[in-house]
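In what follows, a single structure is set out as structure tokens and then discussed.
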2 protein chains.
Amino acid sequence: MTKYTIRKTDINKALKQADIICKRNGLRLTKLRQDVLSLILKEGGYVKAYDLLDELKKIDPSAKPPTIYRTLDFLLEHGFIHKLQSLNAFIGCSHPQDHKECYFLICNNCQKIEECCSKKINNVIKNTTSKNNFVPDQAVLEIAGTCQQCLN
Amino acid sequence: MTKYTIRKTDINKALKQADIICKRNGLRLTKLRQDVLSLILKEGGYVKAYDLLDELKKIDPSAKPPTIYRTLDFLLEHGFIHKLQSLNAFIGCSHPQDHKECYFLICNNCQKIEECCSKKINNVIKNTTSKNNFVPDQAVLEIAGTCQQCLN
DNA sequence: TTAGTTATGTTATAATATAACATTTATTTA
DNA sequence: TAAATAAATGTTATATTATAACATAACTAA
């Protein structure tokens, strides 16, 4: 079990890492993309697209829905963020180089998100798909419930 | 691995089963709820809420978005259907008495959905949550990719 | 039978997301 | 380096998904 939780101190690290990955892969981490990624990372938890748009407008008043959705698409495509399908929300990824899929624990009480990626989960997905002769492209695993802290 | 796929011939069975479950649990399977469940089951694959609304309007022209969403909520709550979070769509359940959670294989090519529920998946989810001291309420697992038939 | 609850009707609007086309900026190549 | 190409962003409009709020009707239990 590997736990990842983004800390404020890790934001710059994550931004630098994104920069490196982009350079290595011939991707353009434009100011807009940096700004949006930075806003998402700063948030700490998950963000809704239109809340993010409101934040972005403080930097660039001309920003509009396609501005944010296109940027989110870029960041998603290259693994810098993930989409939480059951919340229609987005969250930064602290380890974009490690893997494509991320699995999440979502606390219904405090809204905190915990990544819960593990090889065991990867394996059970692999076994499930291979038994069905199914070639997986993307796996979404989101477990909602109550986190440790909220249980006390 | 248990595979479930709804066949046309199973629709009536599923409707009757829903009826029995409702009676047993003091739930009211009203005409509206039956109609909507029937429309979803007849579809075979997944349905979008507004497409369903269009179908329902043929039976009840006064149907409006809240009509369909409230009915979907009832059907979801009692496990007669499931929501595919990554598609914003709904699909009938052929075995509502068996379990609450359903896991899905989603073919990006032919749009066919296959349930892929298994104890192994249940177990890995249990292990993941217990290691995190997390009390799960609902698990979403949706694996998108290419199905067997579409590979040929 | 009337009080309470559950379900439905209805209007309006909120929240999420994309299509389509114009313009600008970066990259490639002649 | 200039022109051609590709990639990113700007902009308008609209599509899609979902819920709030309040009125009425239908069932249920006392």
Side-chain angles (χ1 to χ4, degrees), chain A residues 18-19 22-40 43 46-78 80-91 111 140 142, chain B residues 18-19 22-40 43 46-78 80-91 111 140 142:
Chain A
D19 198 47
C22 284
K23 272 176 183 144
R24 196 158 57 212
N25 295 95
L27 305 171
R28 285 157 63 187
L29 192 58
T30 61
K31 178 175 183 303
L32 174 62
R33 289 165 176 174
Q34 275 182 55
D35 287 345
V36 172
L37 178 56
S38 179
L39 286 172
I40 296 170
E43 168 51 41
Y46 66 80
V47 236
K48 308 287 284 181
Y50 275 74
D51 292 341
L52 199 53
L53 179 55
D54 288 341
E55 288 306 307
L56 183 61
K57 277 179 175 165
K58 293 177 186 169
I59 299 171
D60 172 4
S62 78
K64 290 176 187 62
T67 317
I68 212 76
Y69 280 102
R70 279 194 293 225
T71 307
L72 289 170
D73 282 347
F74 172 86
L75 297 172
L76 284 169
E77 191 179 346
H78 301 293
F80 301 124
I81 64 171
H82 298 287
K83 179 167 187 182
L84 297 166
Q85 297 290 350
S86 55
L87 296 174
N88 292 323
F90 303 86
I91 188 162
Q111 275 67 54
V140 169
E142 298 173 10
Chain B
D19 198 47
C22 284
K23 273 177 183 143
R24 196 157 58 211
N25 295 94
L27 305 171
R28 285 156 65 187
L29 191 59
T30 61
K31 179 175 183 300
L32 174 62
R33 288 164 175 176
Q34 275 182 55
D35 285 346
V36 172
L37 179 55
S38 178
L39 286 172
I40 296 170
E43 167 51 41
Y46 66 80
V47 235
K48 309 286 283 179
Y50 276 74
D51 292 342
L52 199 52
L53 179 55
D54 288 341
E55 288 306 308
L56 183 60
K57 277 179 175 165
K58 294 176 186 169
I59 299 172
D60 173 3
S62 78
K64 289 176 188 61
T67 316
I68 212 75
Y69 279 102
R70 279 194 292 226
T71 307
L72 289 170
D73 283 346
F74 171 86
L75 297 172
L76 283 169
E77 191 179 346
H78 302 293
F80 301 125
I81 63 171
H82 298 286
K83 180 167 187 181
L84 297 165
Q85 297 289 352
S86 56
L87 296 174
N88 292 322
F90 303 86
I91 188 162
Q111 275 66 54
V140 169
E142 298 173 10

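Because the structure is a prediction, the values reported are computed rather than measured. To find a chain, count down the sequence lines: A is the first, B the second, and so on, and within it residues start at 1.
Heavy-atom distances to DNA chain C give each of Ala63(B) and Ala89(A) a nearest nucleotide, and the one nearer the 5′ end belongs to Ala63(B). The residue among Pro65(A) and Asp73(B) whose nearest nucleotide of DNA chain D lies closer to the 5′ end is Pro65(A).
No hydrogens or angles considered: a donor-acceptor pair under 3.5 Å links the side chains of Glu142(A) and Ser86(A).
Straight-line distance from the CG atom of Leu53(A) to the P atom of dG10(D): 12 Å, rounded to whole Å. Atom pair Asp60(B):CG and dA7(C):C1' shows a separation of 13 Å (rounding to whole Å applied). Note: CG (Leu32(B)) to C1' (dA25(D)) measures 14 Å, nearest angstrom. Counting to the nearest Å, the P atom of dT17(D) and the CG atom of Leu84(B) are 13 Å from each other. When the P atom of dT28(D) is taken as reference, atom NZ of Lys23(B) falls 12 Å away, rounded to whole Å. Distance, Arg28(B) CZ to dT6(C) P: 9 Å, rounded to whole Å. Distance, Leu56(B) CG to dA7(C) C1': 15 Å, rounded to whole Å. Look at CG on Leu72(B): it is 12 Å from P on dT17(D), rounded to the nearest Å.
For Thr30(B), a side-chain nitrogen or oxygen approaches OP1 or OP2 of dT8(C) to under 4.0 Å. Note on Asn88(A): every side-chain N or O is 4.0 Å or more away from OP1 and OP2 of dA15(C). A sub-4.0 Å separation between OP1 or OP2 of dA18(D) and a side-chain N or O of Tyr69(B) is present. Side-chain N/O atoms of Lys64(A) include none lying less than 4.0 angstrom from OP1 or OP2 on dG10(D). Here Arg33(A) reaches the OP1 or OP2 of dA8(D): one of its side-chain N or O atoms lies under 4.0 Å away. Contact between the side-chain N/O atoms of Lys48(A) and the OP1/OP2 oxygens of dA15(C) is not found at any separation under 4.0 Å. In this model, the phosphate group of dA17(C) is approached by a side-chain N or O of Lys83(A) to a distance below 4.0 Å at OP1 or OP2. Distances shown here put every side-chain N or O of Ser62(A) at or beyond 4.0 Å from the OP1 or OP2 atom of dT9(D).
The ring of Tyr50(B) lies on top of the base of dT17(D), close enough and flat enough: under 5.5 Å between centres, under 30° between planes.
Listed here is the closest heavy atom pair of Leu27(A) and Phe74(A): CB-CZ, 4.2 Å. For the pair Ala18(A) and Leu37(A), the tightest heavy-atom approach, listed with the atom from each and the gap, is CB-CD2, 3.7 Å.
Remark: side-chain polar atoms of Lys57(A) are not paired, donor with acceptor, to backbone N or O of Ser62(A) under 3.5 angstrom. For the pair Glu55(B) (side chain) and Leu39(B) (backbone), a donor-acceptor distance under 3.5 Å is absent.
Counting non-hydrogen atoms under 4.0 angstrom, Arg70(B) reaches a base of the nucleic acid.
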